[in-house]
There are 2 protein chains.
Amino acid sequence: MKDPIEIRHLRCFLALANTLHFTRAAANLGIAQSALSLQLQRLERAIGYPLVQRTTRGVTLTPAGSLLASRAAGTLRKVEDDLEHVRRIGSGQEGILTVGFSGSVMLTQLPLAIESFRASYPGVELRLRELTTARQLVALRDGALDLAFLRDGDPSPGITLTTLHSERYLAILPERHPLATRRKLRPADLRGESFVLYSRTEGALAFDRTADCLGAPLRIVQEAPQWPTVVRLVGAGIGVSIAPACVAELAMPGVVFRPLQSDARTTVDLAVPAGAINPLVTNFRLKARAHFLARPALPTVRPV
Amino acid sequence: MKDPIEIRHLRCFLALANTLHFTRAAANLGIAQSALSLQLQRLERAIGYPLVQRTTRGVTLTPAGSLLASRAAGTLRKVEDDLEHVRRIGSGQEGILTVGFSGSVMLTQLPLAIESFRASYPGVELRLRELTTARQLVALRDGALDLAFLRDGDPSPGITLTTLHSERYLAILPERHPLATRRKLRPADLRGESFVLYSRTEGALAFDRTADCLGAPLRIVQEAPQWPTVVRLVGAGIGVSIAPACVAELAMPGVVFRPLQSDARTTVDLAVPAGAINPLVTNFRLKARAHFLARPALPTVRPV
DNA sequence: GATCTTTCATCTGTTTATCTTATGAGTTCA
DNA sequence: TGAACTCATAAGATAAACAGATGAAAGATC
């Protein structure tokens, strides 16, 4: 495969095939006529057969040259198209982005961030996966997720974390619970209650923060994997719970939410694989940060 | 369009995408690792986005790189296929060849030459056009014909002629004609007869040679454009005719062919546009010359 | 945890390819 | 015949690609 043919040669040949005139073709290409002449000779030598028949009044294409002209035009167009497509992917305007999120994060600004991203990048296919914090970290490392929104993300090797948002806790009580009459609660008020909580294995830091806020020992009567479930279980009288403030969005009959007077905070953390250069990830991160850091219209605890 | 991308860059990138390893890819390409590294940098700069993510253990493709790898592979394959096709056309193994012939030439070795050419070049589409000598010359200049087999081709500017074959004349007589009883005739024997002949405008030299052979003045009672017609007209008693020896192939009831004792010869000439470089023409010429110059099994005058 | 190995980037000088300018040979046109 | 035009060729200048040596960073090995 010596004497390799380059795109330059095809470009030169096409210019010549279009004008059938060395001098004019060279002018179109912005090179000297002699340079074009040499390029053509090189191309013909590489192919092994003449592509144009030179006359004193210009050139005519041979059958082989005629074919090459049409094929080369297609080749150049294809290369241009491919590069354009590659650039679109490189710029993050196109592609597939798989985003994981902890269930409670969907109760924060995340939907707004998603909508904003979709509007800005209509070419990107967004795949959303609700997973627990622990599973998201695994999925990020696997490559199954490109980016994740964690509830209280544990620092983890190979994962870059950014805290987007922090919020207070609130207590979730059955409507008929004695404490339900109080407008505010302190963690100590809940001492001795039975708790419905997330499993620690699904989010160690989230659990530990909850436990720190309440103060051990905790009597956990039920673990549940999703907040709607927790709220329903509380409504059924199985126990009480505490949750990030945003969970108040999940108002359900028979359940009341009460702010918890504590400095404890739960965070929403954005996680990406360390060193990720996927431009989709970068673009999505920017949108998400803009929406979370602006903190528009934080959901308030609606009295039930 | 500065920083143009060349096929070389795509080759380098593909090698890297296949091995995900600069050193090994460079070895496959037969260049130094540093050269490959530079080519990749150049390609990425031209595209504007990274194509691979370098790590200390090798490289991984970015989404953009992943796309480019698949597209570039297709591009290289296309270029190779195109060049191969162009080479086939350049070598005359493929294409369309339009061949003209005077009707009588089809009674000589031409069918054998055609068959031989078809067998050797199955990729070539052969288009056959029966035309008179005069019309063939026009068609050759127009480009409507690539190559022509003329009966007694007139030298003509812009046309290269090669004589392939020369043959004697024979007389065509009605079966009941007084001269039909003779095994051989001399031109003088035909003096005073009425003749059925080709029109001079359809082949000046052919007509003149015929006239020279017979000696003027000729009494021409009918002109006809094709030999089967001439033979039929003779059979109908309209007159006599003389024809190239090969016309004896057209045996018809009521007609006899008699060798003419004369040194006059009629030729089959191969005509091509001067300076033609079409390889199909070259290849066909070679086959045709081989068949005509070998003169296999010249058609003999069959007694009727 | 210090050393070794692997891997890619960078630097430097050399080779190769391409370009420009100038010139030549062959036609066509006046 | 001379002028105008075509493409080819020659020679020097410029830019690109190359090989080889070195360096930095991150695993791997002990």
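Below, chain A is the first sequence line, B the second, and so on; all start at residue 1.
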> Would you indicate what A:Ala35 reaches in the nucleic acid, counting non-hydrogen atoms under 4.0 angstrom: base, sugar-phosphate, or nothing?
base

> For the side chain of B:Phe22, starting at C-beta, report the closest nucleotide among D:dA26, D:dT6, C:dA9.
C:dA9

> Does any donor atom in the side chain of B:Glu202 or B:Thr133 lie under 3.5 Å from an acceptor atom in the other side chain?
no

> Which nucleotide, C:dT10, D:dC7, C:dT28, lies nearest any side-chain atom of A:Arg57?
C:dT28

> Side chains of B:Ser156 and B:Asp154: donor-acceptor distance under 3.5 Å anywhere?
no

> Quick one: is A:His9 getting a side-chain N or O under 4.0 Å of the C:dT18 phosphate, OP1 or OP2?
yes

> Of all the nucleotides listed (C:dT10, C:dT7, D:dT9), which has the minimum atom distance to the side chain of B:Ser37?
C:dT10

> When you measure from the side chain of A:Asp152 to the backbone of A:Thr210, do you find a donor-acceptor pair of N or O atoms at a distance under 3.5 Å?
no

> Would you kindly give the CZ-to-P distance between A:Arg45 and D:dT9, to the nearest whole Å?
12 Å

> Verify the distance criterion only: is there a donor paired with an acceptor across the side chains of B:Arg151 and B:Thr132 at less than 3.5 Å?
no

> Could you pick out which residue, B:Thr55 or A:Arg42, lies toward the 5' side of DNA chain C when each is mapped onto its nearest nucleotide?
B:Thr55

> Between D:dC18, C:dT18, C:dT21, spot the one nearest the side chain of A:Ala32, thanks.
C:dT21

> From C-beta outward on A:Thr23, which listed nucleotide comes closest to its side chain: D:dC7, C:dT27, C:dT20?
D:dC7

> The side chain of A:Ser34 is closest to which nucleotide in this list: D:dT9, D:dA17, C:dC11?
D:dT9

> C:dT7 P sits how many Å from B:Leu40 CG, rounded?
16 Å

> Whole Å only: how far is the CG atom of A:Leu38 from the C1' atom of D:dC7?
11 Å

> A:Leu20 CG to D:dC5 C1': how many Å, rounded?
16 Å

> More 5' along DNA chain D: A:Arg8 or A:Gln41, using each one's nearest nucleotide?
A:Gln41

> So which nucleotide from D:dT6, D:dA19, D:dA8 ends up closest to the side chain of A:Arg54?
D:dA8

> Rounded to the Å, how far apart are B:Leu61 CG and C:dC8 P?
13 Å

> I need the CD-P distance between B:Gln33 and C:dT7, as an integer number of Å.
11 Å

> Is it true that the side chains of A:Arg71 and B:His85 contain a donor and an acceptor less than 3.5 Å apart?
yes

> For A:Leu16 and D:dT6, give me the distance from atom CG to atom P, rounded to whole Å.
13 Å

> Determine whether any donor atom in the side chain of B:Gln39 lies under 3.5 Å from an acceptor atom in the base of D:dA17, or the reverse, and answer yes or no.
no

> Roughly, in whole Å, what's the span from CD in B:Glu6 to C1' in C:dT18?
11 Å

